[in-house]
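First the proteins, then the strands, lettered A, B, ... as listed; each starts at 1.
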Amino acid sequence: MNSNPIPKSYDSRATEERWVHFWEEHDFFVADNRSPAPSFCIVMPPPNITGSLHMGHALTTTLQDVVVRWKRMHGFNTLWVPGTDHAGIATQNVIERRLAEQGIHRKDLGREKFEQIVWEWKEKAEKTIHHQIRKMGFGCDWTRVAFTMEPRMSRAVREVFVRLYEEGLIYRGEYMVNWCPRCTTAISDLEAQHEPEQGRLYYLRYPLRDFAGEIVVATTRPETMLGDTAVAVHPDDDRYRDLVGKTAILPLLGRELPVIGDSFVQKEFGTGAVKITPAHDPNDYQAGLRHKLPFVQVIDELGMMTPQAGPYAGLSRAQAREKVLEDLSRQGFLVRQEPHSLSVARCQRCSTAVEPLVSTQWFVKIAALAEPAIQAVESGRIRFVPSNYEKVYFEWMRNIHDWCISRQLWWGHRIPAWYCRQCGQMQVCRTDPALCSRCGAGQLQQDPDVLDTWFSSALWPFSTLGWPEPTRDLEVFYPNSVMMTGFDIIFFWVARMIMMGLHFVGDVPFRTVFLNGLVRTEQKQKMSKSKGNAVDPLEIVEQYGTDAVRFTLSVMAGSGTDIVFSTDRVIGYRAFANKIWNAVRFVLLNLPAGASAVESEEMEALASKGLLTVVNRWVLHRLNVTVGEVNETLEKFRFDEACNALYHFFWHELCDWYLELSKPVLNQRSGADVEQTVKTLIYVLDMSLRALHPVMPFITEDLWQRLPHRGVSLAVARYPVARPAFHNADAESELSRIIDFVTAIRTVRSENNLDPGRRLPLEVMASQDDAGCVERYLGPILALARLSGIRTVEALQEDRTHLRGFSGIGQFALISEEGSDAGAEAERLRKDIARLQQELERQAKKLSSPEFLQKAPAAVVESARERRADLAGKLDKAAAELRRLDGA
RNA sequence: AGGUGCGUAGCUCAGGGGGAGAGCACUUCCUUGACACGGAAGGGGUCAGCGGUUCAAAUCCGCUCGCACCUACCA
């Protein structure tokens, strides 16, 4: 597919789109529900159709793709369901704002026309999101794409609603709810976000009737005094005990207020006396119910003062506060005011201060659903990763409140309840009824409210698979394998999916919940469009390539912590992509004509028959270790560790050492060593590309297709696994000696500022074994250390132009004309010696302790001995070297 | 007010009872036939503080300080 000469560097823009098409044309991502292979299923958390993908989506979806691709390559029958969410309140907000720009209110259009506009918006937004998902290389099953408000999903929603209603788990009633006066809808507790704010505490004087004195109350919302219907004190409060049962007079309006005793009052706060506004405060609401107080609503659903507010009617809440304070102050009822910090509940979507209001709403009785959902996690049937989120989950679930599910919106699933205009009968049913079930009249009106968006999202793991139909998909892919999403929606979504899944499908919706952190800016701030600090992932992708972005997000996805996004990191991993590109390019340029792919079995056979050079065995061993690590860490969702292992192997072992070591071999042009090295190169690169593919799908596919390979696509190639035949501890230790030796020589060159290019002769004082080792690797060592030759000697000569160094192999001298800077070298040696001595003392001290020898494990003692010997040897050599220099 | 988590190199973070790690940044040198999106060699840390357990603590326990987030009806 790629016969063109390979360019000098990787160009993501010229590569990516082609492979998206290629994968989709071949249906690699379409799940087969008849496959005998074990299944692996993830449903994608559906992005809201409010806009486009942000960095948070890019993160969580990248991680999902990594897992799904990895599982697919391991032979699982993988299903990854994509989709989008209608996001009721959020989308309605977006549309309303756009209409407002043209001076239009949705009420000017009417419900039908408004819905039509939103549907048009949905089509566009969905298209954008689907395009972005493809651009990121996410391999999901487009034949199963879903939208929360499409007919299939709506049917599931209605089924769930009706069943819960029939089971008595959904009820309708008049309660105090969080109300957003801008969105003009009820919202759930979770959607009311509490923010600390600096306000004031106002002390108001309420006279007692019959000139019996006064009582001073403290409030942060003076405007609500207009709705006061009582004053409460703690029954045990000596200051006020006598006042209980008396009557106070509400300033400004003159309403009579009973003074009641209620233990919810905190004696220490304010004056210990509190005004009671049952219609506008959750606490007072409860108090109002307990004491059967009148409910006077002074604020309406638009946040304006009602006629009940008397002269203040028609003012906004803020205006009313100002005017009330002014009047109270003028009439001497405002005793004092002081700064006070309080938390104000605001609408999650529009930031308007929430107004607690009493209204008729629908609720889910949640306790019965929560119990099995708690047990599912307690028993380990669902596992959270990272596991500490289980505590968070339990904490919330054990203190859960009923869920207000009705919204006074136009965009969402309409509540399937109908009211008879004749007799008032309400019926809740699966299909739209024509006649009243009681009086038979035909004039039915459907409840105007819609359901909370999360009500439908809660069904996602099974509604997308066809529930309530008993589909094959449901049978094969439920429970889903993993739910991967941001930790911020653990209550909104994860908890509710667990409750619904258990209740309606009879099993957990997924076995594992993986929660990722938030993506933050380089200044550690939350990314948000309103702050204008959001980084558009697609822009970064455009600039640096999808693979670089995906690798960055994956490698930074540590264990549950937030991710601080940095473009520098992306640039760094773009360099990694380029490194991969060039490694393959090097091999391609050195490949003999007609070279073919190498199977694992062939490579294993060569390895176990001892037909490979130690260098080749070494790289296979390192590959093998890496592959084992990657599989292990991905199993634990440790994307950071998996990526680091891959990065380190590819760059610092494969490129830095193996490719360099193979160059002198390849330069021989022909022979058995050349042949096996070519095979090893092809094999190791093939496997490396496979291993990297889940994280960097584009570049790996492109390069794999250029290399000799078998199979249609890397996307469906087998993921490498650790193979015992490749394990080789001897090669590992031998190569590490060679690497140390070469590094030591390079250090001497570098420290003496020798021309890195010039080839110099070297003399080494090595044991017979070590000399043999050096002999075996002569070619590579000469090449890597830029030597003209190596001579093994009994003793090193005393010569100022002989630059000394040492490694595990032995002491050596690099022979140059220039000679060394003896002073500088002595200084370095002293530093070395100091460090070695310190370390040696530590080991010696440890080994001189009888308790250590007695109580520490034998292996630890042994390694301490080895370390002491090693340190002592190095110290001797360094000391000898220093004596020589000082003597000279 | 409760809960959870975190303080490790200049920055971002991993590690988690027995030799302080990575990436980026930094310093010096180098356009050597894959790659300057590169190569080689370096510098840099009382692992927040104090106390305890242990033969051994960055790691376990307690306290203190600092930071972050979540939950909650404090007028």
Side-chain angles (χ1 to χ4, degrees), chain A residues 6 8-10 189-190 194 201-202 217-221 224 232 264-266 268-271 273-277 281-286 340 342-343 356 386 388-389 391-392 395-396 399 487-488 490-491 517-518 522 524 544 548 552 555-556 558-566 568-569 571-590 638 640-641 643-644 647-648 655-656 659-660 663 667 743 746-751 753-758 783-784 786 839 842-843 846 849-857 859-861 863-864 867 870-871:
Chain A
I6 180 164
K8 240 183 123 171
S9 61
Y10 175 56
D189 293 346
L190 286 176
H194 296 263
L201 190 59
Y202 302 91
V217 297
T219 180
T220 55
R221 295 191 64 196
T224 62
F264 94 95
V265 179
Q266 295 184 17
E268 309 75 34
F269 189 90
T271 59
V274 59
K275 58 192 263 325
I276 302 292
T277 323
D281 180 276
N283 274 323
D284 297 4
Y285 174 76
Q286 293 301 334
H340 180 70
L342 66 160
S343 88
N388 53 297
Y389 283 113
K391 282 187 204 163
V392 177
E395 188 74 16
W396 189 72
N399 297 297
F487 75 90
D488 50 325
I490 181 168
F491 308 136
L518 249 55
E522 285 178 68
K524 288 195 156 187
Y544 304 106
T552 306
V555 80
M556 291 176 91
S559 48
T561 49
D562 286 354
I563 286 181
V564 178
F565 188 83
S566 140
D568 282 349
R569 292 294 292 265
I571 292 170
Y573 295 117
R574 180 188 59 173
F576 180 50
N578 194 53
K579 190 76 182 175
I580 298 169
W581 183 267
N582 274 287
V584 175
R585 181 166 181 266
F586 164 72
V587 173
L588 288 173
L589 295 176
N590 283 283
R638 288 306 303 259
D640 55 336
E641 290 183 11
C643 288
N644 278 323
Y647 182 96
H648 184 262
C655 291
D656 287 354
L659 293 189
E660 294 306 324
K663 278 176 187 175
N667 284 338
T743 304
R746 283 168 168 175
T747 304
V748 170
R749 295 186 73 116
S750 176
E751 283 176 345
N753 282 325
L754 299 183
D755 178 352
R758 171 177 300 164
L784 297 183
R786 306 297 295 175
E839 192 49 40
R842 201 155 19 143
Q843 295 303 324
K846 204 191 269 187
S849 153
E851 282 175 310
F852 173 72
L853 298 174
Q854 196 185 335
K855 294 184 181 172
V860 171
V861 176
S863 90
R867 182 154 171 72
D870 183 47
L871 287 165

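Taking atom CG of D562(A) as the reference point, atom P of U4(B) lies 18 Å away to the nearest angstrom. In this structure, R749(A) places its CZ atom 11 Å from C1' of U32(B), rounding to the nearest Å. As rounded to whole Å, 14 Å separates atom P of A22(B) from atom CZ of R569(A). Here C24(B) presents its P atom at 13 Å from CE of M556(A), a figure rounded to the nearest Å. Whole-Å rounding puts the H194(A) NE2 to U71(B) P distance at 8 Å. Following rounding to the nearest Å, K855(A) (NZ) and C55(B) (P) show an atom-to-atom distance of 4 Å. Rounded to a whole Å, the CZ atom of F565(A) is 16 Å from the P atom of U12(B).
Of the candidate nucleotides A75(B), G19(B), A34(B), A75(B) has the atom lying nearest to any side-chain atom of L342(A). Nearest to the side-chain atoms of V274(A) among the listed nucleotides G23(B), A75(B), C55(B) stands A75(B). Listed nucleotides C69(B), A75(B), G19(B) differ in distance to F487(A); the shortest reach to its side chain belongs to C69(B). Closest approach to the E839(A) side chain among C70(B), G19(B), G18(B) is made by G19(B) (side chain taken as heavy atoms from C-beta onward). Minimum atom distance to the side chain of H340(A) is reached by A75(B), of the listed G19(B), A75(B), G18(B). Minimum atom distance to the side chain of R585(A) is reached by C35(B), of the listed G23(B), C35(B), C55(B). In this structure, the nucleotide among G38(B), A34(B), C55(B) sitting nearest to the side chain of A575(A) is G38(B). When each of U32(B), C37(B), A34(B) is scored by its nearest atom to the side-chain atoms of N590(A), the top-ranked nucleotide is A34(B). Counting only heavy atoms from C-beta on, N388(A) has its side chain closest to U4(B) among U4(B), U32(B), G23(B). When distances are taken from the side chain of N644(A) to each of C35(B), A41(B), A22(B), the shortest belongs to A22(B).
A 3.5 Å limit on both hydrogen-bonding distances identifies G3(B) as the Watson-Crick or G-U partner of C69(B). A14(B) makes up no base pair with any nucleotide shown, lacking Watson-Crick or G-U wobble contacts both under 3.5 Å. Nucleotide C74(B) has no partner under the Watson-Crick or G-U criteria, as no pair reaches both atom distances under 3.5 Å. Across all strands shown, the partner of C60(B) is G52(B), judged by Watson-Crick or G-U wobble contacts whose two distances both fall under 3.5 Å. Shown here, A34(B) forms no base pair; nothing in the strands shown gives a Watson-Crick or G-U wobble contact with both key distances under 3.5 Å.
For G15(B), one of the phosphate oxygens OP1 or OP2 lies less than 4.0 angstrom from a side-chain nitrogen or oxygen of R638(A). Residue K8(A) places none of its side-chain N or O atoms closer than 4.0 Å to OP1 or OP2 of C37(B). T747(A) has a side-chain polar atom (N or O) that falls below the 4.0 Å cut-off from OP1 or OP2 of G42(B). OP1 or OP2 of A20(B) lies within a sub-4.0 Å distance of a side-chain N or O belonging to R842(A). Applying the 4.0 Å criterion to OP1 and OP2 of A34(B), one finds that K663(A) has a side-chain N or O inside that range. Within the structure, a side-chain polar atom (N or O) of Y647(A) is placed less than 4.0 Å from OP1 or OP2 of C24(B).
Of all heavy-atom pairs between Q843(A) and L871(A), the closest is CG-CD1, 3.9 Å. Scanning both residues, T220(A) and H340(A), for their nearest heavy atoms gives CG2-CD2, 3.6 Å. Looking at every heavy atom in both residues, N578(A) comes nearest to S9(A) through OD1-CB, 3.2 Å. Considering every non-hydrogen atom in both V217(A) and T271(A), the closest pair reads CA-OG1, 3.8 Å. P356(A) approaches R221(A) most closely through the heavy-atom pair CD-NH1, 4.1 Å.
Residue contacts shown for L659(A) include a base, since a base heavy atom lies under 4.0 Å away. Using a 4.0 Å heavy-atom cutoff across all strands shown, R574(A) reaches at least one base atom of the nucleic acid. Heavy atoms of P850(A) sit nowhere under 4.0 angstrom from any nucleic acid atom. Using a 4.0 Å heavy-atom criterion, one finds that Q854(A) contacts no nucleic acid atom at all. Backbone-only contact: T743(A) has heavy atoms under 4.0 Å from sugar-phosphate atoms and none from a base. Across all strands shown, D656(A) has heavy atoms under 4.0 Å from sugar-phosphate atoms exclusively, and none from any base. Residue contacts shown for V860(A) include a base, since a base heavy atom lies under 4.0 Å away. Using a 4.0 Å heavy-atom criterion, one finds that F491(A) contacts the sugar-phosphate atoms exclusively.
Between the P atoms of G23(B) and C65(B), the separation comes to 38 Å (whole Å). Only the P atoms considered, U59(B) is 10 Å distant from C47(B), to the nearest whole Å. Of the P atoms belonging to G7(B) and A58(B), the separation is 15 Å, rounded to the nearest Å. Taking the P atom of each, C6(B) and U27(B) are spaced 35 Å apart, rounded to whole Å. If you take atom C1' in G45(B) and the same atom in G21(B), they sit 11 Å apart, rounded to whole Å. Comparing the same atom, C1', in G38(B) and in U32(B) gives a spacing of 12 Å after rounding to whole Å. One P atom belongs to C55(B), the other to G15(B), and the distance between them is 28 Å to the nearest Å. A gap of 33 Å separates the P atoms of C29(B) and U8(B), to the nearest Å.
Both F586(A) and S849(A) lie near RNA chain B, and the one whose nearest nucleotide falls closer to the 5' end is F586(A). Comparing V265(A) and D568(A) by the nucleotide of RNA chain B whose heavy atom lies nearest to each, the residue mapping closer to the 5' end is D568(A).
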Take K663(A) and F586(A), measure what side-chain contact (heavy atoms from CB on, under 4.5 Å) needs, and give me the verdict at the end.
CA-CA 10 Å; K663(A) 278 176 187 175; F586(A) 164 72; 3.6 Å; yes

What's the verdict on side-chain contact (heavy atoms from CB on, under 4.5 Å) for T552(A) and Y544(A), showing C-alpha distance, side-chain angles and the deciding distance?
CA-CA 11 Å; T552(A) 306; Y544(A) 304 106; over 6 Å; no

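The one candidate from D284(A), T224(A), D281(A) that meets the side-chain hydrogen bond (donor to acceptor under 3.5 Å, both in side chains) condition with K275(A) is T224(A).
Taking 3.5 Å as the limit, the base of A40(B) and the side chain of E660(A) contain no donor-acceptor pair of atoms between them. At a cut-off of 3.5 angstrom, the base of C37(B) holds no donor-acceptor pair with the side chain of K579(A). The base of C74(B) is paired with the side chain of Q266(A) by a donor and an acceptor separated by under 3.5 Å.
Stacking of K579(A) on the aromatic ring of Y573(A) is not recorded, the 6.0 Å distance cut-off and the 45° axial limit not both being met.
Side chains of V861(A) and K846(A) form no contact here, defined as non-hydrogen atoms less than 4.5 Å apart.
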